[in-house]
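The structure under discussion appears below in the form of structure tokens.
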Amino acid sequence: MDRQLYLQNLEKLKTNGKTVIELYNEISTLALECGLSNAAKPAAKNAYYLSMEFLIGRSFFNNLMELGVLEETRDVLAKKGIDINIFEEIEDAALGNGGLGRLAACFLDSAAGLGLPLHGYGIRYKYGLFKQAIKNGFQVELPDDWQRFSDPWSIRRENEKRIIKFADMVVTAVPYDMPVFGKRVNNLRLWQAEGSEKAQKISEYLYPADDTEEGKLLRLRQEYFFSAAAVGELLDKHVKQYGKNFDKFAEFNAIQLNDTHPVLAIAEFIRLLTAEHKVGFDDALNIAKKTFSYTNHTVLPEALECWGDGLVKKILPDIYTVLIKLHLRQKEELVKLKCTPEEVADMAIYSSERFSMANLALFIGHTVNGVAKLHTEILKASLFKTAYKYYPDKFQNKTNGITQRRWLMLCNRELSALIDKTIGSDWREDISKLSELNGHISDIADEFIKVKAEKKKQLFDYIKEQEGAELPNGFLVYSQVKRLHEYKRQLMTALAILEIYKGLKDGTVTDFQPSVFLFGAKSAPAYRRAKAIIKFINEIAKKVNSDAQTNGLLRVVFVHNYNVSYAEKIVAGTDVSLQVSTAGLEASGTGNMKFMMNGAVTCGTMDGANIEIVELAGKENNYIFGAEVDEIERLKKDGYDPKELLKANGLHNFAVSALIDGTFSDDGTGCFKELYDALTVGASWHKPDNYFVLHDLESFVNSLLKINADSKDAKAFAVKQLKNTANSAHFSSDRTISEYAKDIWKI
Ligand SMILES: *Cc1c(COP(=O)(O)O)cnc(C)c1O
């Protein structure tokens, strides 16, 4: 980075009369040009991260920080009478739904930070994840036109566009490059679909659901579109540099498939090698097996991509042929391995007229990884049990991580400064050094309390501005922010709040430290029950916040439009991180890591990375409750009757009845009755209380109250919180990426 030049130009920049957007574009362009001035020389071997989602957030502050000019920019602008925080008006680039997309963004950040050649490939959606408004307590979806601020951090590469062919149309894929700054400058290449009106539709919207059947055709087109553009480009580059010697392709390229969405890349790779480059099928297969690896992100079977044969044959006939060939070849291989017919069926790429992207990835991928220790064990023991039996060496664990640059240094300058003061600033270069904090925890507890109070004040100011809700200083902050899904059990938190509220009113809960429960969550637009939970939380908030008898002690706020930028404020200002998924269902979680790093205690179940969090920070410094995986399995097997529980527990009965006894209004939609039925008699294809909300509710409430009581000893509680920060280095995505680089990509 040519910092001198940047700063000179920034000093010279005329700011009078310019709008925030104009300034944003001019400063970003200056920084981008200087940042690109020392682009790294190309690496011998590169890794490529294919992901349908990159949940980048706001680039402005983060890029200036990575380029080492954030503080100077702040100062220069201040001299010109401009507060750098005006750029918080710039919309996030929300090209992802949640954890999976945010992970991809953290990985790119860490690779650049470590100087490792990892590049991203994805889609440049015109509209990102919808913007959420709350109207009368209900979620309303509004289009997210993030490019209306223009997009100064992207560079259109007109002359590197590619043609992508479907049976019924031809689409032009135009690349936009977003440089990723760090020790080296890597690249995120997002493809935009151009051509006919129908062609443009492919990159118009981020597919908004993690879990529905809607819009299958468009989604298939999206997945093929960017996967084909990526592997097509990589093969062409290889030919240009090394000729048609494809045996060496895997020596120079590693391709990571982020979940099942980009798995068609394998079929396209083999199609291109065999049809365009005249490589034999066996050779092409072997090259693919050395090139691709696959990350699984979920054990929910409905989220594993499958494609109907009719659909594939209709719009991608050549891919259909390749998939059938792969299926037949796989069958031969499995017969040689002496698999039983059931096992063959279980692993089949093609069965019941559908192609399984997971099974294709398991067959071709040289490595398959889960994203937390427990998750990987579950993959081996259940979801991919058969594949594990025959290909045990393919399986690895890579526990997720988060970048400490955005999620500590940028979002919590105050805590970062306290860490600098205590152990020096080496941890900023080598995150493992953060553990040196362990030797100083009680010395800095008082200062930490001040930092936390300051971050809380900033958060409350922001909430006041965004939501209009005024929160009194000094409240303990419990936060549950993440996508809304039944397995994440926001409903359980809502019911727990009702029980605490009742306890405060009737005097059974005493000596309660004033607390606020923050929620932030978007629901998939078609996910009715999730949307009902949002309404329910908002109804509870209305009642609790307006109750003069208790609102000095208890508040509830549902923040609207939860996104990366909101998350940056919430993780820094929270005391208690709520991570309460049904054991076995949250693959890893990364929100949990952000909170831990910023000094929040976790109140959670033994699920996902929570297990590793308490392993490292100490069970005594966190609050674990609820059924563990083996108990959930047993309950599923032996049967579980939530009605019995409701009969026996008056408090639970009170809270659950509030859904139907007129306490709250769902505006005549019947959606609360549906929630009630889901909990008590089952709804759709689910069993009653499919996610064991009522089973874990009592121990959850007890944990919440125990935390509340423990927080009264402010210093002892701050020590617990600091223990979490001090032991969070393991959850840096620098660690995760180093492991991928060494164990999978060999870069
Ligand atoms: C980190 C993050 C997530 C993932 O949160 P989980 O609690 O792991 O599900 C989702 N959305 C945003 C905006 C995030 O920053």
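We count ligands from 1, going down the list as the structure has it; atoms in each ligand are counted the same way.
Here Tyr49 and Phe107 bring their ring centres to under 6.0 angstrom of each other.
Judged by distance alone, the side chain of Asp109 and the main-chain N or O of Thr403 form no donor-acceptor pair under 3.5 Å. Side chain of Thr605 to main chain of Ser581: a donor-acceptor pair is present (N/O by atom type, distance under 3.5 Å, no hydrogens or angles). Formation of a donor-acceptor pair under 3.5 Å by the Asn186 side chain with backbone atoms of Leu116 is found in this model.
Between Tyr478 and Phe517, the angle of the ring planes stays under 30°, which puts this pair in the parallel group of the 30/60° scheme. Ring geometry, Phe692 versus His695: the interplanar angle exceeds 60°, so the pair is classed perpendicular (tilted spans 30 to 60°). Aromatic ring pairs are classed by plane angle as parallel below 30°, tilted from 30° to 60° and perpendicular above 60°; the pair Phe60 and Trp153 is perpendicular.
Taking only nitrogen or oxygen atoms, main chain and side chain alike, Gly591 reaches within less than 3.5 Å of ligand 1. Taking any N or O of Lys488, backbone or side chain, at least one lies under 3.5 Å from an N or O belonging to ligand 1. Where the criterion is an N or O separation shorter than 3.5 Å, residue side chain and backbone included, Arg483 fails it with respect to ligand 1. For Lys594, a nitrogen or oxygen atom sits less than 3.5 Å from a nitrogen or oxygen atom of ligand 1, counting backbone and side chain alike.
Taking a 4.0 Å cut-off on heavy atoms, Met593 fails to register as neighbouring ligand 1. Residue contacts with ligand 1: Tyr562 is included, with a non-hydrogen atom under 4.0 Å away. Between Trp407 and ligand 1 there is a heavy-atom distance shorter than 4.0 Å.
Of all atoms in ligand 1, numbered sequentially from 1 with element shown, those under 4.0 Å from a heavy atom of Gly99 are 3 (C), 4 (C), 10 (C). Every atom of ligand 1 with a heavy atom of Gly589 under 4.0 Å away is listed here by number and element: 8 (O). Ligand-side atoms of ligand 1 in range of Gly98: 10 (C), 11 (N), range being under 4.0 angstrom from any heavy atom. Remark: ligand 1 atoms within the under-4.0 Å shell around heavy atoms of Thr590 are 1 (C), 4 (C), 8 (O). Distances below 4.0 Å separate heavy atoms of Asn563 from the following atoms of ligand 1: 13 (C).
The protein heavy atom nearest to atom 7 (O) of ligand 1 is Lys482 NZ, 2.7 Å.
The environment of CZ in Arg735 is crowded: more than 12 heavy-atom neighbours from other residues, nucleotides or ligands sit within 6.0 Å.
Within the cation-pi definition used here (under 6.0 Å to the ring centroid, within 45° of the axis), Lys706 does not qualify as a partner of Tyr623.
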